[in-house]
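Below: the structure, in structure tokens.
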Protein chains: 2
Amino acid sequence: MSTKIWVVFANGSLSGYRKRLNQKTQHKSVFNVSRVQSAEQHEVLEFSDSADEQLIIDRVFRAVMEQRLAPGTKLNESVLCKTFGVGRMRVRRALLLLANQGIVDLQSNRGAFVACPDPREANEVFEARMHLEPSLVRQVALEIDAAGVKILKDHIAQEISAQSRTDRTELIRLSGEFHVKIATVTGNTVLHKVMRELVTRTSLIVGLFGSTLHTCCPDDEHEQIFRAIERRDPDASADLIREHLQHIQRSLNLAMPKMDEPDLVSILRGG
Amino acid sequence: MSTKIWVVFANGSLSGYRKRLNQKTQHKSVFNVSRVQSAEQHEVLEFSDSADEQLIIDRVFRAVMEQRLAPGTKLNESVLCKTFGVGRMRVRRALLLLANQGIVDLQSNRGAFVACPDPREANEVFEARMHLEPSLVRQVALEIDAAGVKILKDHIAQEISAQSRTDRTELIRLSGEFHVKIATVTGNTVLHKVMRELVTRTSLIVGLFGSTLHTCCPDDEHEQIFRAIERRDPDASADLIREHLQHIQRSLNLAMPKMDEPDLVSILRGG
DNA sequence: TTGACATTTATTGTTAACAATGTTTCCGTG
DNA sequence: CACGGAAACATTGTTAACAATAAATGTCAA
């Protein structure tokens with residue numbers, strides 16, 4: 001739940017609180033209040049209330065990226081409540097945010113479902129990534145420092161390990177996360193968020209339209225990209241990631257219709 | 001509020017509903033139910049419940065883009081409720097989504113405030129735009145059709161008109177929206193959403209750090225970009241928009257600290 | 001058995017009351 | 001008057017009950 005630590009400037013304001021705090025010290029803690037009276041600055045450290053909310057989001061994110069939550073799966077509110085041991089409000093807020101990011105589809109009075117991107121949306125996501133990632137990786141190749149190289153190197157090692165263990169789930173997750181980490185090493189949180197969203201939606205798409213296992217983890221392309229970055233070669237990096245994205249996109253079978261109501265009807269009628 | 005029209009396949013399922021509908025026909029309407037009994041496909045047309053919710057979001061978006069909502073402004077829940085004539089839930093959901101898009105800062109137990117991006121975040125937003133927009137505008141220059149050209153041409157006309165009328169608010173809004181419209185003409189909804197978010201955050205940034213009026217509407221750069229697009233010149237388009245973004249970014253005074261608590265304290269202590 | 005209709009159940013959407021917190025005001029004392 | 005303290009007030013966060021809807025089940029007649 002919530003834990004707050006008050007460190008309060010001695011100009012009033014705490015007085016009223018301390019009384020309330022002493023009344024019910026269940027989930028509140030005040031440390032060294034007397035000592036702190038002499039502190040100079042009002043400061044509040046808050047261990048965010050929304051931690052469990054973010055947990056739900058992360059779990060769904062991860063499950064989608066690992067393709068363990070199939071598109072179309074219904075996300076029942078009460079089930080989520082029990083699973084995470086939180087109230088309905090938290091679950092609904094998490095679902096709203098997930099819907100806002102295109103990961104789940106929120107249908108009025110029917111509930112939340114893991115999104116089923118259609119081919120058009122799939123192409124849109126890839127188009128967006130094709131705009132963003134070459135330029136991004138170019139910058140990374142130019143500016144990356146030793147710490148960044150290590151992050152990517154470790155990641156590649158993990159991928160190789162998962163590949164040798166034929167750990168499919170882990171490999172799928174790592175495969176997507178590689179692209180997120182490229183954004184991470186720039187230190188740009190805005191880019192990080194955008195990439196995370198696009199990559200997760202890509203996972204959905206690959207899960208829906210990916211014909212072969214090969215689709216999500218094409219050979220050692222990630223390693224090649226890393227090597228180009230490592231030797232600070234922006235042009236090669238950009239070219240490689242462009243090809244990489246094209247390979248994934250081309251390996252999709254976008255003609256395959258998803259199991260959607262209208263399609264089902266037309267199929268049955270045709271038979 | 002909500003209005004639904006049921007058109008139901010005659011295989012049951014409606015029966016129970018019609019009873020309820022007849023009981024209270026206040027905000028529900030059923031048209032031609034008898035005729036529809038012979039229809040073949042179950043279909044639900046829903047006039048989204050979340051329309052008013054989206055309205056709140058759009059209004060805040062617009063107010064921020066027009067810089068009429070200053071960064072730091074508190075967005076009181078009850079005020080918003082009265083303003084839009086909706087319940088608290090809707091307002092809170094809207095605020096949550098706005099926070100998720102970085103437009104609003106949601107502080108626990110204190111409320112929602114128009115975001116105050118710091119210089120670091122400002123640079124991140126510009127960096128993200130510098131990655132995205134040149135590539136985007138290049139594609140637009142290559143693929144745009146007559147309808148797209150008209151959209152942009154009309155927009156430029158509007159900008160010129162607002163400039164001649166010295167309608168500052170309108171000019172600020174149009175100035176941001178030009179970039180969104182470039183994404184719009186691609187027809188890519190994913191890109192559109194990303195651009196909309198980045199541009200709105202830019203408006204916040206310009207409002208905070210823009211030293212001069214000139215910052216937000218630099219000469220006729222938009223018109224030049226449009227002309228490059230119109231003559232299908234991808235290289236020139238990309239170069240121009242890159243310069244354009246750099247001009248805006250350079251005109252910012254990022255050294256100027258915002259009126260934030262920690263800064264205020266340090267200022268007072270130093271004096 | 002099937003199809004129209006009614007009923008029941010499960011799930012989601014909304015609201016309002018309550019709890020917790022932040023903010024302001026006020027009061028007495030030195 | 002400055003200051004600490006306490007209460008009053010305003011606002012936000014949470015919960016639980018209720019309303020509305022969807023989905024499932026049951027009934028009965030042709």
Side-chain angles (χ1 to χ4, degrees), chain A residues 1-4 6 8-28 30 33-34 37-38 42 44 46 48-50 52-53 74-82 86-93 95-96 99 104-113 261, chain B residues 1-4 6 8-28 30 33-34 37-38 42 44 46 48-50 52-53 74-82 86-93 95-96 99 104-113 261:
Chain A
M1 310 305 175
S2 163
T3 304
K4 276 194 180 183
W6 273 280
V8 182
F9 183 30
N11 70 344
S13 297
L14 178 62
S15 54
Y17 304 136
R18 189 161 51 181
K19 180 187 170 193
R20 287 204 291 243
L21 291 171
N22 289 339
Q23 281 174 353
K24 38 185 123 175
T25 44
Q26 283 181 327
H27 55 307
K28 302 289 172 202
V30 179
V33 169
S34 56
Q37 294 285 349
S38 63
H42 172 110
V44 176
E46 179 170 350
S48 170
D49 264 309
S50 61
D52 38 353
E53 192 173 305
K74 170 149 189 184
L75 301 175
N76 187 297
E77 283 187 9
S78 54
V79 172
L80 292 179
C81 289
K82 287 167 195 159
V86 299
R88 208 147 76 92
M89 197 191 63
R90 290 287 165 79
V91 167
R92 302 191 101 235
R93 289 223 313 228
L95 289 175
L96 183 64
V104 311
D105 186 18
L106 226 47
Q107 294 182 29
S108 181
N109 283 320
R110 283 191 16 94
F113 304 83
E261 292 89 352
Chain B
M1 311 305 176
S2 164
T3 305
K4 275 195 180 183
W6 274 283
V8 182
F9 183 30
N11 70 345
S13 296
L14 177 62
S15 54
Y17 303 137
R18 188 160 52 182
K19 180 185 169 193
R20 286 205 293 246
L21 292 171
N22 290 338
Q23 281 175 353
K24 39 185 120 174
T25 44
Q26 284 181 327
H27 55 309
K28 302 287 169 204
V30 179
V33 170
S34 57
Q37 294 286 347
S38 62
H42 172 110
V44 176
E46 178 170 349
S48 168
D49 263 309
S50 61
D52 38 351
E53 195 172 304
K74 170 152 191 184
L75 300 175
N76 188 298
E77 283 186 9
S78 54
V79 172
L80 292 178
C81 289
K82 288 169 194 158
V86 299
R88 208 147 76 92
M89 199 192 62
R90 291 287 163 80
V91 168
R92 302 191 102 236
R93 290 222 314 228
L95 289 176
L96 183 63
V104 158
D105 186 17
L106 225 48
Q107 295 181 30
S108 180
N109 283 318
R110 284 191 16 95
F113 303 83
E261 292 89 351

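In what follows, every chain begins at residue 1, and chains take the letters A, B, ... in the order their sequences are listed.
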Less than 4.0 angstrom between a side-chain N/O of [X] and OP1 or OP2 of [N], yes or no?
X	N	answer
A/Arg90	D/dG13	no
A/Asn109	C/dT11	no
A/Asn76	C/dA10	no

Separation of [X] atom [atom1] from [N] atom [atom2], in whole Å?
X	N	atom1	atom2	result
A/Met89	C/dT15	CE	C1'	15 Å
B/Arg93	D/dT12	CZ	P	18 Å
A/Arg92	D/dA16	CZ	P	16 Å
B/Asp52	C/dG13	CG	P	14 Å
A/Glu77	C/dA10	CD	C1'	12 Å
B/Gln107	C/dT21	CD	C1'	13 Å
B/Phe113	D/dT11	CZ	C1'	10 Å
B/Leu80	D/dA10	CG	P	18 Å

ask   = When rounded to the nearest 0.5 angstrom, what is the spacing between OG in A/Ser78 and CZ in A/Arg88?
value =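 Taking OG in A/Ser78 and CZ in A/Arg88, the distance rounds to 8.5 Å.
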request  = Please round to the nearest 0.5 Å and tell me the distance separating atom CZ of A/Arg92 and atom CG of B/Leu96.
outcome  =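 These two atoms lie 12.0 Å from each other.
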ask   = Below 3.5 Å, does any donor atom in the side chain of B/Arg88 face an acceptor in the base of D/dG13, or the other way round?
value =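 Such a pair is found, so the answer is yes.
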inquiry  = So which atom in B/Lys74 and which in B/Gly111 form the shortest heavy-atom distance, rounded to 0.1 Å?
reply    =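 So the minimum-distance heavy-atom pair works out to CE-CA, 4.5 Å.
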key: Nearest heavy-atom neighbours spanning B/Val104 and B/Leu95   = CG1-O, 4.4 Å
